[in-house]
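First comes the structure, then the notes that go with it.
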Amino acid sequence: MNDRQEPPVAGDDRTGIDERGPARGRRSQVGTRRPALHRTSALVAVAVLLIAGALAWLAARVTQDANRDLLDRQVEQAATVLSSGVGTLQVQLGDAAQVALATAAAPGPFQGFAAARLTGNESFASLSLLRITNGRVEVLATEGEEPRLPAGGLDDPFFTGLQPDGQLAVAGLLPGEQTRLAFALMPAGDPTGLVVYAESRVDPGPQPEPEAPEDAPFGGLDFAVYLGEGTDPANLVLSTAPAPIRGDTEVATTPFGKTVLTIVGSAESPLTGRLATALPWIVAGAGAALAVAFAAGVEILSRRREVAQRLADDNGRLYRQQRGIAGTLQHSLLPDLPELDGLEVAARYVAGVDELDVGGDWYDVIPRGPGCCVFVVGDISGRGLPAATTMASLRFAVRAYLAEGHDIETVMAQLNGLLQIDTDHQFATVLLGELDVSAGRLRVLCAGHFPPLLVTDGRAEAIDCPIAPPIGVGPARLRSATEVRVHGPATLLAFTDGLVERRDEVLDTGLDRLRETAARHAGRPLEDFVDQLMEDLTGTGAKDDTVLMALRWTS
């Protein structure tokens with residue numbers, strides 16, 4: 001169309017219409033609408049861009065805060081794992097001290113106990129038994145490598161400053177061809193001046209780590225551990241990357257005897273994942289692309305909801321990882337079962353499904369000669385590191401007392417002196433028994449615990465024995481064991497309450513269910529028998545930790 005208009009011709013009545021009128025009217029309408037539409041689009045675009053910019057900044061801030069929060073949680077979890085190891089270390093030194101006290105500091109028993117601790121443990125360099133008399137330190141026994149000792153040797157003020165409080169005291173890092181960490185423990189209330197001194201190998205240099213998926217516990221993280229407060233390079237105990245750790249870091253401390261360990265952690269890449277890291281750019285780009293439409297806000301909210309779901313999934317994964325760490329720690333505290341002449345032994349442990357902390361259920365079997373062994377099953381009240389520490393203390397105490405030659409009655413009485421509910425705020429139920437297959441004799445003691453179940457001739461019956469108060473409740477008293485004559489073949493079952501207790505039923509129902517199930521599957525091989533019991537009895541409704549141990553003899 002030609003926009004140029006011809007001038008009107010006078011007297012031209014071909015149409016009787018002024019052609020310029022409609023054309024001029026159309027241009028006038030377009031001219032009045034375009035500015036209004038332009039202004040509206042601009043206002044919408046500016047508003048959406050402002051909202052998108054604000055959301056992008058917020059996403060960046062949230063992602064940054066989430067990264068720091070996740071890193072802080074990972075470092076705190078690493079500190080918890082180290083704290084658990086420190087507790088076990090103190091229990092081991094305390095047990096060594098108790099062995100020395102019980103044997104009047106005789107070198108032989110201490111060296112035997114220390115050798116068992118050093119076997120297969122490459123971190124320990126040496127364990128020594130010292131005595132401090134009038135400020136003079138003498139070495140009574142040493143197992144492992146020659147102690148390097150602090151700078152002042154046996155005359156170092158570290159030794160003369162020790163107190164009989166049963167707590168770890170740390171001498172510090174000892175330089176040399178291979179750095180060592182020195183620490184000691186003086187038994188609580190011991191007036192004889194005995195000291196258990198240990199040196200552990202450490203390597204401050206960067207430690208190569210095996211390949212692991214990024215979603216594995218502590219995957220993609222660098223750690224450095226320092227002795228004491230602060231991050232002095234001279235106090236570096238170990239690191240997984242060149243120290244000092246670079247990048248955004250979080251710091252946590254955990255007690256180590258009378259000092260602390262400082263843990264510094266850093267993430268090699270953002271812990272929230274690539275999507276969360278790129279989220280600010282995604283929001284900004286989406287806001288710019290959708291600035292001409294009000295629907296951009298809906299898209300942004302949708303993306304925000306997706307990110308929230310991913311963060312929730314990350315929290316769920318962290319929950320499962322933390323529960324896996326607790327289970328691994330719990331299983332590391334349980335013993336390997338020995339091979340016994342004339343006896344088959346099998347045991348199972350299952351953690352409670354609703355808990356993250358480690359528990360206090362345990363079992364142990366200690367050989368005492370051909371066809372003879374002592375077995376123990378127990379349950380500590382409460383959960384977490386205190387319960388696990390008390391469990392380890394009682395388990396090693398049973399072994400120590402048996403190593404001294406005590407019978408099970410004396411061992412049970414001695415255990416009752418190690419725990420008091422008024423001061424320790426814990427108690428323990430314990431089943432302690434001695435089985436001598438060659439003599440056809442079974443002797444058992446129950447301290448607040450379920451009596452064992454004897455399965456023979458297709459029947460399963462609980463052994464009738466008195467049940468004394470739990471360990472730590474009431475005064476320690478020497479009680480006689482219940483003796484039962486057993487003539488094979490038979491299977492003995494010892495268990496904790498998680499196998500039979502349910503929140504929605506009375507206890508007798510669970511005990512009857514155990515007897516019926518054990519009698520029904522008694523003919524199976526022992527390993528299959530124990531697996532079947534665990535499958536039938538802990539499949540649904542079980543909320544507590546569960547231990548099941550079986551001993552079978554055929555003659």
Side-chain angles (χ1 to χ4, degrees), residues 88 91 95 326-340 343-352 355 358-368 372-383 387-403 408 411-412 415 418-419 426-435 442-455 462-463 465 467 470-471 481 491-501 514 518 526-527 529-534 537-538 542 544-553:
T88 302
V91 168
D95 289 344
T328 300
L329 176 59
Q330 179 73 44
H331 281 283
S332 70
L333 295 174
L334 297 176
D336 294 328
L337 295 176
E339 295 185 2
L340 302 170
L343 272 174
E344 291 183 74
V345 184
R348 299 292 184 270
Y349 169 83
V350 175
E355 301 294 342
V358 293
D361 290 22
W362 92 94
Y363 61 86
D364 205 353
V365 178
I366 303 98
R368 299 205 79 178
C372 182
C373 69
V374 170
F375 60 91
V376 60
V377 170
D379 185 1
I380 307 297
S381 63
R383 298 190 62 80
T389 302
T390 302
M391 177 266 281
S393 177
L394 292 184
R395 185 170 76 84
F396 287 121
V398 170
R399 285 183 167 264
Y401 292 141
L402 291 174
I408 61 173
V411 172
M412 185 70 86
L415 287 181
L418 296 179
L419 193 64
Q426 288 180 313
F427 65 88
T429 66
V430 176
L431 167 65
L432 185 61
E434 181 179 30
L435 176 62
L442 170 66
R443 302 173 66 242
V444 293
L445 284 165
C446 294
H449 204 85
F450 295 103
L453 205 66
L454 187 62
V455 184
I463 293 177
C465 68
I467 300 178
I471 296 298
T491 302
L492 188 70
L493 295 178
F495 53 93
T496 58
D497 54 6
L499 193 67
V500 294
E501 286 188 349
L514 171 60
L526 188 62
E527 294 290 340
F529 175 58
V530 173
D531 287 337
Q532 190 64 52
L533 288 181
M534 293 297 290
L537 299 175
T538 64
D544 197 5
D545 294 348
T546 301
V547 162
L548 173 63
M549 184 172 66
L551 297 93
R552 175 174 288 179
W553 59 97

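- With rounding to the nearest 0.5 Å, the separation of CH2 in Trp553 from CG in Leu526 is 11.0 Å.
- In this structure Ile467 satisfies the side-chain contact (heavy atoms from CB on, under 4.5 Å) test together with Cys446, Pro451, sequence neighbours excluded.
- Heavy atoms only, all atoms of each residue included: Met412 and Ala447 are closest at SD-CB, 3.9 Å.
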message: Between Tyr363 and Val345, does the side-chain contact (heavy atoms from CB on, under 4.5 Å) criterion hold? Intermediate values first, please.
response: CA-CA 12 Å; Tyr363 61 86; Val345 184; over 6 Å; no

Tyr349 vs Thr496, side-chain contact (heavy atoms from CB on, under 4.5 Å): CA-CA, chis, key distance, verdict: CA-CA 10 Å; Tyr349 169 83; Thr496 58; over 6 Å; no

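- The two residues Asp95 and Ser393 have their closest heavy-atom pair at OD1-O, 4.5 Å.
- Considering only heavy atoms from C-beta on, Leu340 comes within 4.5 Å of Val365 through its side chain.
- When every heavy atom of Gln426 is checked against every heavy atom of Ser381, the shortest pair comes out as CA-OG, 3.4 Å.
- The only member of Val376, Val377, Val547, Asp545 that meets side-chain contact (heavy atoms from CB on, under 4.5 Å) when paired with Trp362 is Val376.
- Every residue two or more places apart in sequence or in another chain that forms a side chain to side chain donor-acceptor pair (under 3.5 Å) with Arg552 is listed here: Thr491.
- Among all heavy-atom pairs drawn from Ile471 and Leu415, the shortest one is CG2-O, 3.4 Å.
- Atom CZ of Arg368 is separated from atom CG of Leu402 by 5.0 Å, given to the nearest 0.5 angstrom.
- Shown here are the salt bridge (Lys or Arg N to Asp or Glu O under 4.0 Å) partners of Asp497, two or more places apart in sequence or in another chain: there are none.
- You'll find the side chain of Leu418 reaches within 4.5 Å of the side chain of Tyr401, heavy atoms only.
- A pairwise comparison of heavy atoms in Leu493 and Ala518 identifies CD1-CB, 3.9 Å as the closest pair.
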field: Verdict with supporting geometry, Leu492 and Phe375, side-chain contact (heavy atoms from CB on, under 4.5 Å)
entry: CA-CA 11 Å; Leu492 188 70; Phe375 60 91; 3.4 Å; yes

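- Minimum heavy-atom separation, Ala481 to Arg443: CB-NH2, 3.8 Å.
- Residues Pro452 and Leu551 have side chains not in contact (no heavy-atom distance under 4.5 Å, counting atoms from C-beta outward).
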- request: Any chance you could lay out the side-chain contact (heavy atoms from CB on, under 4.5 Å) test for Met549 and Val530, step after step, and finish with the verdict?
  value: CA-CA 8 Å; Met549 184 172 66; Val530 173; over 6 Å; no

